[in-house]
Protein chains: 2
Amino acid sequence: MSILPRLSFKNQAFKLRESAILDAATAVLSQKGYDLMTMDDVAGAVGISKPSLYKHFKSKEELVGEALIRLLDGALDYVAALDPSHGPMQKLSSLLEWALRVRLEGGLPFLPSTSPHVREMLIRNVKYMLRIMKLNRQLEALVKQAQQDGLLSRDLPTDVILYSYYARTCDPAVEYLQKYSKMASDDIVRHMLKVTFEGFH
Amino acid sequence: MSILPRLSFKNQAFKLRESAILDAATAVLSQKGYDLMTMDDVAGAVGISKPSLYKHFKSKEELVGEALIRLLDGALDYVAALDPSHGPMQKLSSLLEWALRVRLEGGLPFLPSTSPHVREMLIRNVKYMLRIMKLNRQLEALVKQAQQDGLLSRDLPTDVILYSYYARTCDPAVEYLQKYSKMASDDIVRHMLKVTFEGFH
DNA sequence: GTCTATAAGGAGATAGAC
DNA sequence: GTCTATCTCCTTATAGAC
């Protein structure tokens, strides 16, 4: 497409490195969380120096924001690719399963942090907020539809179900089952889905 | 009791100040989390200087450990005071309600952090671990009994129920409902209990 | 025991050579 | 664009006067 293939090449290499940086940031972030993740960690994991890192992302906040945006894009893509013939419950269950598997494979949880600093930082991030709001609209619609169909409790406010649904994507029980019970990923996912929708009964 | 009332007085004042420090640490901790809480924050909240703070607690880790130990002692006292005529389900529900109310009133959640640093610090803390293990034994017994009685699902491993129960005590949905839905504390507690035991259906 | 002042070290961000 | 070396600020923790 471009008249300048050399530039295109450079651009491709640049994008590749950027992607590698985001992979590294994602891995470090999922292990240590925002506050304990250092830019040295990320640079070291990619195998570049810190100033090179800053050529790609002008601050720690921007780097983390981009990593989370990529995660949300994955979720939005997943939702868009869901079988339209499925009902709202199947879709909600399917997305939660996807989010849990992403985490179990070393990725990030949605709602990555309850830390006020991180939350405030993300609220200031327009690109991030656009995606969050888009995802939220779609999920809210699914929950409301499921409630109308009588598949989800109509006694519970939609907000309660929606926020609790988000909370399940970052439920610490997942890590505990993985770490202390040595449970296989498939079993963790299965049990978490059951607990989410059916509770303990 | 003491032959030296003056010493006893001093001791009482010392204990009082210690308690005030723990109150302040609890408040800051619940707002900012461990990593972002500074000793200056705590000293400022109590109205003393940082070196005075260090006369009471020799490190940040010890201070936070003691705050969490006090929380666990509260939980253990609560469990010990539960009506013995109640069944395991009532006891589990009652304790979860207590934990949620503590949080809603500005206290700390159990499982205060999934941060590896904090977790490791607490695992090294013998006093803390003794209480955690005691509480865990009692809760595990309640869950197992409820499962035997057919009140909790026997399809779910005990671990899944137990870890998910812990997770509900620090469920971020609570903060979201408080912050964004402006929901009253009583309603939050009621809905969270329902979601925990009955799921979304 | 309480304070003022400060040491020691970590981490985000950058200057400037190549 | 990449690196080495450095700046600057913040935070834990303490020395030493009162």
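Heavy-atom basis, side chains included; hydrogens, waters and symmetry copies ignored. Letters go in sequence order (proteins before strands), and every chain restarts at 1. These figures come from a predicted structure and were not determined experimentally.
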Once you round it to whole Å, what is the distance between P of dC10(D) and NZ of K60(B)? 16 Å

Partner residues of Y165(A) under the ring-ring contact (aromatic ring centres under 6.0 Å, His included) criterion, sequence neighbours left out: none

I need the CG-P distance between D35(B) and dG10(C), as an integer number of Å. 16 Å

Starting at atom CG of L63(A), determine the distance to atom P of dA11(C), rounded to an integer number of angstrom. 16 Å

For dT14(D), does either OP1 or OP2 sit under 4.0 Å from a side-chain N or O belonging to Y54(B)? no

Which pair of heavy atoms, one from F200(A) and one from L152(B), lies closest together, and at what distance? CB-CD2, 3.4 Å

If the condition is side-chain contact (heavy atoms from CB on, under 4.5 Å), which residues does Q148(A) pass it with, not counting sequence neighbours? none

Report yes or no: do Y166(A) and N136(A) form a side-chain donor-acceptor pair below 3.5 Å? yes

Rounded to whole Å, how long is the line connecting atom CD1 of I21(B) with atom P of dT2(C)? 8 Å

Show every salt bridge (Lys or Arg N to Asp or Glu O under 4.0 Å) that has at least one partner inside residues 74-95 of chain B, sequence neighbours left out. none

Could you pull out all donor-acceptor pairs under 3.5 Å where a side-chain atom in residues 92-99 of chain A meets a protein atom, sequence neighbours excluded?
| unit_1 | atom_1 | unit_2 | atom_2 | d |
| --- | --- | --- | --- | --- |
| S94(A) | OG | Y78(A) | OH | 3.0 |
| E97(A) | OE2 | R101(A) | NE | 3.3 |
| E97(A) | OE2 | R101(A) | NH2 | 3.2 |

Take atom CG of L36(B) and atom C1' of dT12(D), then tell me their distance rounded to the nearest Å. 15 Å

Exercise answer: donor-acceptor pairs, residues 42-51 of chain A side-chain atoms, under 3.5 Å, sequence neighbours excluded:
| unit_1 | atom_1 | unit_2 | atom_2 | d |
| --- | --- | --- | --- | --- |
| S49(A) | OG | S52(A) | OG | 3.2 |
| K50(A) | NZ | D40(A) | OD2 | 3.3 |

Among all residues two or more places apart in sequence or in another chain, which pass the ring-ring contact (aromatic ring centres under 6.0 Å, His included) test with H86(A)? none

When rounded to whole Å, the NE2 to C1' distance for the pair H56(B) and dT2(C) reads 11 Å

Please tabulate, one pair per line, each protein N/O and nucleotide N/O from nucleotides 3-7 of chain C that are separated by under 3.5 Å, including the distance.
| unit_1 | atom_1 | unit_2 | atom_2 | d |
| --- | --- | --- | --- | --- |
| dC3(C) | OP2 | S49(B) | N | 2.9 |
| dC3(C) | OP2 | S49(B) | OG | 2.8 |
| dC3(C) | OP2 | S52(B) | OG | 2.6 |

Quick one: list whatever passes ring-ring contact (aromatic ring centres under 6.0 Å, His included) with Y54(A), sequence neighbours left out. none

Report the distance from atom CZ of F57(B) to atom C1' of dT14(D), rounded to the nearest whole Å. 18 Å

Taking DNA chain C as the partner, which of residues 37-45 of chain B come within under 4.0 angstrom of it by heavy atom? none

Can you check the L53(A) CG to dT4(D) C1' distance for me, whole Å? 16 Å

